[in-house]
Amino acid sequence: MARKAARGPQEETLSLWKREQARLKALVVDRDTEWQRDPAFSGLQRVGGVDVSFVKDDSVSACASLVVLNYPELEVVYEDCRMVSLTAPYVSGYLAFREVPFLVDAVQRLQEKDPQLMPQVLFVDGNGVLHHRGFGVACHLGVLTDVPCIGVAKKLLQVDGLENDAAHREKIRLLKAGGDSFPLMGGSGAVLGMALKSHDHSTKPLYVSVGHKMSLETAVRLTHSCCRFRIPEPVRQADIRSRDYIRRTLAVQGAPVPSGKAQRPKACPKGVSEEPA
DNA sequence: GCGACAG
DNA sequence: ATCTTGTCGC
């Protein structure tokens with residue numbers, strides 16, 4: 001009895017989630033629709049990013065953020081951070097059920113407050129069709145909001161025969177300049193995504209996949225064009241701002257503020273060069 | 001027992 | 001996701 005409740009999500013829940021993914025997957029559009037078709041992306045003026053950051057030692061309290069940047073300047077023109085309580089557990093392959101409701105909320109708030117600022121594309125921290133069942137969080141958010149989405153993961157999700165093995169790492173090593181990439185082909189022969197060297201000095205690639213209303217080629221090219229550092233600026237800003245929001249929120253609740261100033265730029269830990277492009 | 005495990 | 005310091009280079 002207590003034994004069952006202590007374990008992960010109920011099998012029944014996973015089964016429901018799986019069916020929901022299959023249902024929504026049929027609605028994914030994996031081709032360019034409008035401004036994406038222009039090679040120069042003229043007509044593209046706003047790009048967005050979403051992220052969820054957590055309070056340490058707390059698997060429930062988090063900050064969901066949505067930022068909008070102008071393009072091609074990549075300056076933040078809109079920010080929405082909000083503390084939320086996550087109820088669903090994290091299960092690999094079902095990330096969206098934990099985070100996506102709050103991201104949809106943020107998009108809807110923007111639609112009501114300032115529809116003019118609605119981004120023409122959203123960068124999502126996580127995968128799109130590069131996923132166990134071809135329907136990662138970037139697809140999920142895209143279908144629920146009807147906003148074009150790109151999935152950007154920091155590490156390879158090893159599905160459908162894809163493996164971060166010696167051969168894979170060798171391909172990474174051969175990437176020369178920022179913008180270089182190679183396809184990630186699943187066992188079925190379909191290209192599920194691309195490994196992208198996001199700037200000249202980055203050792204670790206980005207794993208880009210289609211979320212919604214976008215071709216893979218466009219997703220990769222646009223991702224590269226939004227990278228001032230390794231992480232695409234929209235996602236990077238969403239991450240920075242949601243973490244800072246948590247820091248300030250905790251400070252208000254009593255704990256001393258670690259530092260009144262912004263954190264010093266952290267040095268690159270492991271091949272995660274963040275030099276300006 | 002061992003390796004995997006988006007965030 | 002989060003915990004974390006130093007350090008080399010421009």
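Just so it is clear: chains get the letters A, B, ... in the order the sequence lines come, proteins before strands, and each one is counted from 1. These numbers come from a predicted model, not from an experiment.
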[X] [atom1] - [N] [atom2] separation (whole Å):
{"X": "Arg98(A)", "N": "dT2(C)", "atom1": "CZ", "atom2": "C1'", "value": "12 Å"}
{"X": "Leu250(A)", "N": "dC3(C)", "atom1": "CG", "atom2": "P", "value": "11 Å"}
{"X": "Asp57(A)", "N": "dC3(C)", "atom1": "CG", "atom2": "C1'", "value": "9 Å"}
{"X": "Arg243(A)", "N": "dT2(C)", "atom1": "CZ", "atom2": "C1'", "value": "8 Å"}

Please check if the side chain of Ser65(A) supplies one atom and the backbone of Ala238(A) the other of a donor-acceptor pair under 3.5 Å.
yes

Donor-acceptor pair, side chain of His212(A) and main chain of Val29(A), under 3.5 angstrom:
yes

For Lys213(A), which of Asp146(A), Asp32(A), Thr33(A), Asp30(A) qualifies under side-chain hydrogen bond (donor to acceptor under 3.5 Å, both in side chains)?
Asp146(A)

State yes or no: are the ring centers of His168(A) and Phe182(A) separated by less than 6.0 Å?
yes

Show your reasoning for whether ring-ring contact (aromatic ring centres under 6.0 Å, His included) applies to Tyr94(A) and His132(A).
CA-CA 9 Å; Tyr94(A) 301 92; His132(A) 306 65; 7.6 Å; no

Just need the stems in DNA chain C: three or more back-to-back Watson-Crick or G-U pairs, each with both distances under 3.5 angstrom, sorted by first number.
none

Find out whether the Lys NZ or Arg CZ of Arg221(A) is both under 6.0 angstrom from the six-membered ring centre of Phe41(A) and within 45° of the ring's axis.
yes

With the threshold set at under 4.0 Å for non-hydrogen atoms, list the residues of [range] touching DNA chain B in residue-number order.
{"range": "residues 134-148 of chain A", "result": "Gly136(A), Val137(A)"}
{"range": "residues 153-171 of chain A", "result": "Ala153(A), Lys154(A), Lys155(A), Leu157(A), Gln158(A)"}
{"range": "residues 181-191 of chain A", "result": "none"}

Out of curiosity, [X] [atom1] to [Y] [atom2], how far, rounded to the nearest 0.5 Å?
{"X": "Asp200(A)", "Y": "Cys227(A)", "atom1": "CG", "atom2": "SG", "result": "11.5 Å"}
{"X": "Cys63(A)", "Y": "Arg247(A)", "atom1": "SG", "atom2": "CZ", "result": "12.5 Å"}
{"X": "Leu14(A)", "Y": "Phe97(A)", "atom1": "CG", "atom2": "CZ", "result": "9.5 Å"}

Dot-bracket for DNA chain B, please, read 5' to 3', with Watson-Crick or G-U wobble pairs under 3.5 Å on both distances, ( ) within the strand, [ ] crossing, | other strand, . unpaired.
.......

Please determine if Arg169(A) and Asp165(A) form a salt bridge, counting it only when a charged side-chain N lies under 4.0 Å from a carboxylate O.
no

Salt bridge present between Asp125(A) and Lys154(A) (N-O < 4.0 angstrom):
yes

Can you pull the contact range of chain A along DNA chain B, 5' to 3', using atoms under 4.0 angstrom from its heavy atoms?
dA4(B) to dG7(B)

For Tyr71(A) and Ser225(A), test the side chains for any donor-to-acceptor distance below 3.5 angstrom and give the result as yes or no.
yes

Step-by-step ring-ring contact (aromatic ring centres under 6.0 Å, His included) determination, His140(A) to Phe135(A):
CA-CA 7 Å; His140(A) 208 129; Phe135(A) 192 74; 5.1 Å; yes

Option from Val208(A), Leu192(A), Asp160(A), Val191(A) for which side-chain contact (heavy atoms from CB on, under 4.5 Å) with Leu130(A) holds
Leu192(A)

With C1' as the reference atom in both, quote the distance from dC5(B) to dT2(C) in angstrom, rounded to an integer.
15 Å

